Every structure is written in structure tokens, then in C-alpha cells.
Colleague: 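I'd like to ask some things about the structure below.
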Amino acid sequence: MSQKTLLCVVAHPDDETFGAGGTLIHAVSEGAKVVTVCATRGEAGEIMDRANATPETLAAVRELEYRKAGHIMGVSESILLGYRDSGMAGTPENELPNAFIQQSEEQVVADLIEVMERVRPDVVLTMDEGGGYGHPDHIFASACAVKAFEQLQTDGATRGWALKKLYFFAFPRSRMRAAWERMAAEQPDNPMAQIDVETLGVPDEQITLTVDFPQHEEQLREAFAAHLSQESPLDRMPDETAAEFLRSASYIRAYPQPAVAGDETGLFDGID
Ligand SMILES: [Zn+2]
């Protein structure tokens with residue numbers, strides 16, 4: 001059995017930790033090599049008071065947070081593509097010429113193919129097609145990751161390696177609903193609280209794989225804490241939802257199909 005490689009493709013520094021951190025830690029603990037690739041430096045993000053950051057330094061601060069969290073999780077390489085964070089849907093930053101979502105899909109797909117050809121992952125993990133809560137960078141990163149995966153699949157036979165599986169993050173709508181109801185009650189002015197709950201995450205019944213990692217909770221909390229400039233998703237959740245969030249994560253297998261809930265127990269099932 002050779003070492004398995006997992007590549008996680010995200011949009012902002014913290015998506016890899018908040019979105020898949022427990023799964024990444026778990027994969028490392030099972031002997032896999034884990035690499036993350038992040039499209040932007042997150043410069044349009046919020047700045048929490050506890051962070052020693054200004055709008056001018058936020059990109060550099062978040063880059064360091066990304067690398068620190070990667071180190072805590074045992075990630076072998078934390079790659080940044082260096083595009084500009086496009087900001088939340090509908091904000092003026094969406095329109096900046098260097099914003100991630102203004103780049104050509106062809107360019108970003110080419111970047112991701114270059115990373116994949118070098119890293120040679122067995123499994124690719126990316127954000128869900130709806131971006132979790134509709135963030136345009138999440139949606140674009142996911143779409144580009146899928147395109148890159150498909151292109152390499154199509155002409156992969158002669159390469160001596162092959163991408164074997166593709167997964168989407170799948171935040172169960174039941175958990176998202178619990179988190180959002182609390183946020184709406186506590187922070188009614190938070191723009192995120194205005195998002196329709198029925199568009200959040202994915203319907204629970206679409207989930208095909210749940211990865212449990214209760215043994216890594218402390219390490220995961222440490223990785224979360226590395227993203228000092230950002231609000232932790234845990235702060236938005238009722239305690240029991242946060243406890244679940246720290247102990248398991250759900251995914252939808254996009255390739256190979258068909259995927260049925262419970263047809264496998266881990267990301268690397270069926271890969272020699
Ligand atoms: Zn994000």
C-alpha cells in the first residue's frame with residue numbers, strides 16, 4: 001500500500017480548517033499526505049478585535065494563520081494561489097478587476113491542474129457547489145476544482161497516476177439551521193443572518209459520507225484558534241451543534257458515481 005494523498009481546494013484561508021479541518025487531521029493520522037490549496041488571501045474578510053490586523057495587513061495576517069493552522073493539522077504543504085478575495089455576495093469588492101470571481105475560469109483551472117499534476121492526489125476535496133452559504137468565491141473555487149478534476153480525468157490514462165475520487169463539503173442543513181437561528185437571534189444585524197436558511201449547506205439526505213474524528217477534537221480546536229483574525233464558526237453555534245461540528249464532518253461524493261449514503265466509511269476506501 002502506497003501513501004495516499006489528499007488535496008483540499010478552498011477559496012479563503014480558514015475554509016480548509018473550518019470546513020474540513022477534522023477530516024484533514026484524521027487523514028494525516030491515518031498516514032495520508034495532505035495538501036491544501038487556497039485561491040485567495042482572504043483580504044475582504046472581517047477583522048476580529050483580538051487580531052492585531054488592519055485592512056492593509058489582513059492578507060499577510062491570514063496567510064500566516066493559514067500556514068499556522070496547516071502546521072497544527074499536519075498538512076504537508078499549504079499552497080496559496082494569491083487571487084484577491086471577492087468579498088461576500090453583492091459587495092462592491094465583487095467588481096474589482098483582480099477579485100477572484102473576475103478571473104477567467106480557464107486561468108484558475110490551469111492553476112489547479114498544475115497543482116494537481118505536481119501533488120498527484122488520490123482524492124480531491126472541495127467546497128460544495130452552493131458555497132456553503134452562497135459565497136461567490138466558494139462557488140467559483142468549487143466549480144474550478146471540478147473542472148480541473150474532470151480535465152485530468154479525461155486525459156489521465158497515460159500519466160501513470162489518476163485522480164480517484166472527488167468530494168464536496170456537505171454541511172448538513174440541519175446543523176446550519178441551528179447555527180443560523182442562533183446567529184439571527186444574537187446578531188440580527190449580521191448580513192449573514194439575512195441569508196435564507198433553506199439555501200444553506202446541503203439537504204441532509206444528499207450526504208453520502210460522514211467522517212468521525214472525536215479523537216482529534218483538541219487538535220482541531222487548536223487549528224481553529226490559529227485563525228485569530230476570523231470569527232470562529234463555533235461562536236455562532238449552540239453548544240451541542242458545536243460539539244457535533246468538532247467531532248464529525250459530512251461529504252458528498254461527486255466521483256465516482258453512483259454514490260449512496262453509507263456505501264463507504266472513509267475518503268480512501270477502495271483505493272489501494
Ligand atoms: Zn471562505
Side-chain angles (χ1 to χ4, degrees), residues 7-24 35-48 51 53 55 58-70 73 75 78-91 93-94 96 98-103 108 111-112 124-146 167-172 175-176 179-180 183 190-195 199-202 220 223-237 245 249-251:
L7 179 70
C8 181
V9 182
V10 297
H12 309 113
D14 78 5
D15 293 332
E16 77 302 332
T17 304
F18 296 158
T23 305
L24 304 186
V35 175
T36 63
V37 55
C38 178
T40 79
R41 298 170 82 207
E43 51 271 79
E46 61 200 301
I47 302 178
M48 297 297 281
L58 187 59
V61 167
R62 294 194 70 182
E63 178 172 347
L64 284 173
E65 291 172 350
Y66 172 61
R67 298 194 189 289
K68 183 177 176 189
M73 295 188 289
V75 169
S78 298
I79 301 167
L80 274 170
L81 297 181
Y83 292 106
R84 194 187 193 286
D85 186 340
S86 315
M88 298 269 286
T91 59
E93 285 165 304
N94 292 177
L96 292 173
N98 57 348
F100 179 50
I101 54 170
Q102 299 296 338
Q103 309 312 304
V108 180
D111 288 346
L112 291 174
V124 175
L125 200 59
T126 191
M127 313 194 75
D128 76 78
E129 292 163 294
Y133 53 92
H135 195 300
D137 286 338
H138 295 177
I139 294 168
F140 190 44
S142 175
C144 292
V146 171
Y167 291 89
F168 292 123
F169 293 8
F171 304 111
R175 282 192 198 176
M176 297 290 272
W180 245 255
M183 178 166 60
N190 188 328
M192 295 192 33
Q194 317 310 319
I195 300 172
T199 65
L200 294 172
V202 302
L220 182 56
F224 273 48
H227 294 284
L228 197 64
S229 70
Q230 302 302 298
E231 184 185 14
S232 166
L234 300 176
D235 298 343
R236 303 181 194 133
M237 293 177 188
F245 188 75
S250 303
Y251 298 94

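Only a predicted model underlies this, so the values are computations on that prediction, with no experimental measurement involved. Note that ligands are numbered from 1 as they come in the structure, with each ligand's atoms numbered from 1 the same way. Starting from 1, each residue takes its place in the sequence as its number.
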Colleague: Suppose we only allow N, O or S atoms; which atom of H138 ends up nearest to the Zn ion (ligand 1)?
Modeller: NE2
Colleague: Report the C-alpha distance between L7 and L112 in whole Å, list the side-chain angles of each, state the deciding distance to 0.1 Å, and finish with yes or no for side-chain contact (heavy atoms from CB on, under 4.5 Å).
Modeller: CA-CA 10 Å; L7 179 70; L112 291 174; over 6 Å; no
Colleague: Using the rule ring pair (Phe, Tyr, Trp, His ring centres under 6.0 Å), only one of F168, F169, Y133, F18 pairs with H138; which is it?
Modeller: Y133
Colleague: Please report the C-alpha distance between E93 and E43 in whole Å, then the side-chain angles of each, then the deciding distance to 0.1 Å, and finally whether the side-chain contact (heavy atoms from CB on, under 4.5 Å) criterion is met.
Modeller: CA-CA 10 Å; E93 285 165 304; E43 51 271 79; over 6 Å; no
Colleague: Suppose we only count N/O/S atoms under 2.8 Å; would H12 qualify as near the Zn ion (ligand 1)?
Modeller: yes
Colleague: Do you know which two heavy atoms are closest between N94 and P136, and how far apart they sit?
Modeller: ND2-CG, 4.4 Å
Colleague: Hey, which N, O or S atom on D15 ends up closest to the Zn ion (ligand 1)?
Modeller: OD1
Colleague: Taking 2.8 Å as the cut-off, does D137 contribute an N, O or S atom near the Zn ion (ligand 1), distance below it?
Modeller: no
